[in-house]
Amino acid sequence: MNFIADFHIHSHFSIATSKQLVPEYLDLWARNKGLKVLGTGDFTHPGWIKELKEKLEPAEQGLYKLKEKFRIKDEFSIANTPENEPRFILTSEISSIYKKNDRVRKVHNLIFAPDFKTVEKIQKSITKIGGNITSDGRPILGLDSKHLLEMALTASGNIFFVPAHIWTPWFSVLGSKSGFDTIEECYEDLTQYIYAVETGLSANAPMHWMCSFLDKFTLLSNSDAHSPEKLGRNANIFNTELTYNSICNTIKNADKNKFLGTIDLHPQEGKYHYDGHRKCNVLWNPVETLKNNGICKVCGTPVTVGVMNRAVRLSDRENLFERKNRLPFHSIIPLKEILSEINQVGPNSKKVHRNYIALLEKLGPELNILLKLPIPIFREKGFPILAEAIERMRKNHISIKEGFDGEFGQIKVFKDNEIQNLKHKDSLFPNKIKEDSPKLDPPLINFSLDEYRRLTSTHSLPKVEKKKSKPKKIVDLAGLNYEQKRAAKHLEGTALILAGPGTGKTRVLTHRISYLVNIKNINPENILAITFTNKAADEIRIRLKDLLNNEDSLKKLNLTTFHSLCYTILKEHSYQIGLNPNFTIIDEKEKISLMIEYMEITKDIAKSLSLKFSQAFHNMEHFLNTENIEIEEMLHEYQHTLIENNIIDLDSLIYNTVILLEDNPQIREQYISKFKWILVDEFQDVNSIQFKFLKLLLDKSQNLFVIGDPNQAIYGFRGADIKHIKYLKNTLSEENIYELKKSYRCSGYILKASNNLIELGKKHKFLEGLKKGVKIKITTNPSEKSEAEFIARTIEKMMGGLRFFSIDSNITKGNNETGFSLSDFAILCRTHSQMRHIEQSLENHSIPFQVINDNNFINKAIIHEILLFIKAILNPDYSYLKNRILKKYKLDNTAFLNIQNLAKSNKLSVTDICNRYFHTLKSNDENVLKKFQEISAEFGNNLHQVLKYLTLKSEIDEYKPHTEEVTLMTFHASKGLEFTNVFLAGCEDGLIPYSLNENKKTDPMEEGRLFYVGMTRAKENLFLSRAANRFIHGRSLYLDPSPFLKKIDDELTEILKQQYKQKKEMKSQNQLTLFK
DNA sequence: ACCCGGTGTTTTTTT
DNA sequence: AACACCGGGT
């Protein structure tokens, strides 16, 4: 059967597409165009699949057709006969954004699926890796194209996978901006499963014939239509059986008798076909560009390079016909454009539309008119001018002005004034219009490939400067600057290293360790490095891998957090403090319910007491001086309850360790001799009990090496006190204090501005920055929603447009030469609750992001329940919990013992527990549980380890630095991290400094330091945004700008004007109901 | 024992 | 705005 097919289109679920992209109109327009087979597009979208299932019914193998009752009959539909019923084939486009070989890649791929089952499998595997398939018909995943292909092949061996519009600069496998130079670089060993590539609107077959490496791929041509009228502007002609398998096989084999060729628009129409400068009126083909070394003659800056140039650069042929498997291609001009030229009115005008409909009714489908209908028929039916136009088009007797630098190209059938003259004769129905000068067929490539080749030896295009020279790996101290080196080599006694943001704190720490181990031959077992978070410890571990000579040293090294260390110490000596080694750590919720139960108090009192207890544990002096005898008694009662239940809370973890070491000198001795070299990171954040703990690990001769920055102390509320770092500063002699003054992170602007904040009257030395940088951008937005929108759009703009659509709209001009990656962006908020709107906006813009928010996981009710269950099993002496669990899960003692034994022999995994005791689950718990099981699997299902990890981990431990995602987190969580581009959201008086809770005052100095921390996360671009109006706790608040904004010198900042109006309606919501 | 709806309350950062 | 809590219904 002879038919035309267009596989790549979109549904109304995709962003920036017509509302008419519903099955009914697709069916209608396929008939109007003369398409037999139409891709559904967007099969990853559940809403679209639902709609397709409702409105389509199975036809031939792997093909579907519109149910009769949905067919639109009363419009200008033509050829409404059964043999013209279009078929649908399940297809979808997926956008992958990821980093490979050090560059950001954005690749679009088209997937064909044989049935709905396969579609659902693909949907599932996307969701499984955290992809969002509901916000856009064309999902954006942080997934490597190769892995996407793998995923699709896993779903079904019968899928068909086609790299989409392969030359598009921003979004394709060969794209100049974020693609590869070969297909293999992208798909590696899986390239063998790729049989075809899509040429796209901006390219036609000959451009591919230039490249021998594309010989093995069939060329497919599709419309990528965003509205029904654009269907079939590019398409494929088949003569084969009408089934899914036979279509795929035909594409695979590209048999000339079965795949009759492609239909393409003229690629010259594209906005970026040739090279040049629109403003300078310079339009060049690749040869001319090369002759000028890519520099515009008029303005002297590099010209905007088009798609043809990219293709020529990757090409290796002068004679296109060396490619054997060439298929015919038919260049067309859309009928409406021809009519527009004839009528001399716009192609979207009413007149053209009326004309168009009339023609379809008389002459049949559009593609039939353009390609097949014999020219004499046009004349017979009374369309002589059209006859002439179509004939010229078919013979390629047309004039072409190539598009360049954002300007559309122009394809014309008639010359200027020619139409006027024709019109006069029109009434006479001339038989044949003579051409002024009959043209020869234009060459397939309109410049000399031979010349291009010759020029490449002497000419070249300007190199786009690749930013980010990665910091060189330094294996010895040679790579450190003078101060860093001095600090790292410190040997005797206590040392304090004052290190501002970006001055190489971690670097000094890691190099000191490697110096001690490699040069001074210190046994790594005698070194203790303490951090506050697991993340920081991991970071040090990773960096040490390159610095230490052998893996063994790294394993022997004691690299841990305060809490983890104390936990380990207490496990070893638990009996000395009245616990047995099975003790578990309780969380805040457990703490409160225990207090209520054992002390017979109300929840409110328990909560306030809990706070007081925490403070007492953090700060020993406070604990000893408790004026209130009653509270002290209650504290003792509480401690007694903990011992009785063989549990400990987070706060007393360190306290109990201190008590242990104080009461047992022989144990203390043991640790003193073990930890001969102690290093502490983020020393400004230690509290009294931690400082005391450190002192207990030292004897007179021992070496304490602490790094910190008093300006970055932000944990006062949990007992941290700068007095400890200040104490060292004041008591240590000068040669034991090192100050790192050179910042390798922030630009000069950012350093100066942030310095305005911590100044607070006293003199402070500037850090020296590496580069001057750009001004800090400040914006005011009407509401938190528009603030969020500003952030999302700015990111989109800076990324050069994640969505195809963006390039054509005002959002972005698509001229990102800097090559930002999504992981270069961070958005910081004072509170978690601010994040909601920002998440929403990022989602609406299809920008992948990660939120650093512990509550998301561990505070989920179901996870909490399971953790309690595990605690009860692991710690049988926790009788309060055990009784509750027995009752709740209707277990008797024997059953409970059985479970315990299973757990002891490590035969009980989290999965088992879920399956056995938590099987009646709500569907939305599924993902959380899956995550829980994954975490558990990482620890080999050792429940003790899992529990320890989950109770002692910090939320920043969740941060994945290298995924292609924007990071959204609190100011606090951002400490120690750096990003090229940083947004500080909600710069309002009340949020930062925080003062919305009248009962609890914040320390204004600490809030200033917090803002300082936020600002100094940025390397290049810092945005400070605020909302004039904001809803907090259901109340509308008008907050003044943060006083911190005023502190920044005006000449360091630039006020951005509000550029974007808020869009009202949320698309997908409304559209579902449109056709019901 | 569980689900619901209505009412009231919360009010930041986190090992 | 989101959540906890309570009480009444099943």
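Computed from a prediction, not measured in an experiment: that's the story for all the values here. Each chain gets a letter, A, B and so on, in the order the sequences are listed, and its residues count up from 1.
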A:I596 CD1 - C:dC5 C1' separation (whole Å): 13 Å

For A:E784, all residues meeting salt bridge (Lys or Arg N to Asp or Glu O under 4.0 Å), sequence neighbours excluded: none

Whole-Å distance separating the CZ atom of A:R718 from the P atom of B:dT15: 6 Å

Pair A:F939 + A:H944: ring centers closer than 6.0 Å: no

Between P of C:dA2 and CD of A:E839, the distance in whole Å: 12 Å

Between the protein and nucleotides 8-12 of chain B, list every N/O to N/O distance that falls short of 3.5 Å.
{"residue": "B:dT11", "atom": "O3'", "partner": "A:Y994", "partner atom": "OH", "Å": "3.4"}
{"residue": "B:dT11", "atom": "O2", "partner": "A:H1033", "partner atom": "NE2", "Å": "3.3"}
{"residue": "B:dT12", "atom": "O2", "partner": "A:R830", "partner atom": "NH1", "Å": "3.0"}
{"residue": "B:dT12", "atom": "O2", "partner": "A:R830", "partner atom": "NH2", "Å": "2.5"}

Criterion salt bridge (charged side-chain N to carboxylate O under 4.0 Å, His left out) on A:E1006 and A:R1009, from CA distance to verdict: CA-CA 5 Å; A:E1006 180 157 312; A:R1009 294 194 295 265; 3.5 Å; yes

N/O (side chain, A:T951) to phosphate O (OP1/OP2, B:dT15) under 4.0 Å: no

Test ring pair (Phe, Tyr, Trp, His ring centres under 6.0 Å) applied to A:F1023 and A:F825, A:F979, A:F983, the passing residue: A:F983

Residue A:R836, side-chain heavy atoms: nucleotide from B:dT15, C:dA2, C:dC5 that is nearest: C:dA2

Qualifying residue for side chain to side chain donor-acceptor pair (under 3.5 Å) with A:E539, from A:R543, A:R541, A:K535: A:R543

Nearest-Å distance for atom pair NE2/P, residues A:H618 and B:dT14: 14 Å

Atom-to-atom span, CG of A:L950 to C1' of B:dT15 - whole angstrom: 14 Å

Gap in Å between the two C1' atoms, one belonging to B:dT12 and one to C:dC5, rounded: 23 Å

Which nucleotides of DNA chain B pair, in dot-bracket form (Watson-Crick or G-U under 3.5 Å, | meaning another strand): ||||||||||.....

Nucleotide B:dA1, atom C1' - distance to NZ of A:K887 in whole Å: 13 Å

Crowding at NZ, A:K1000 (>12 non-hydrogen neighbours, <6.0 Å): no

Gap between atoms CG and C1', on A:L611 and B:dT13 respectively (whole Å): 13 Å

Closest to side chain of A:K603, choosing from B:dT14, B:dT15, C:dC5: C:dC5

Salt bridge (charged side-chain N to carboxylate O under 4.0 Å, His left out) assessment of A:E988 paired with A:R830: CA-CA 10 Å; A:E988 291 140 53; A:R830 178 66 237 267; over 6 Å; no

Spacing between A:L828 atom CG and B:dT13 atom P, to the nearest angstrom: 14 Å

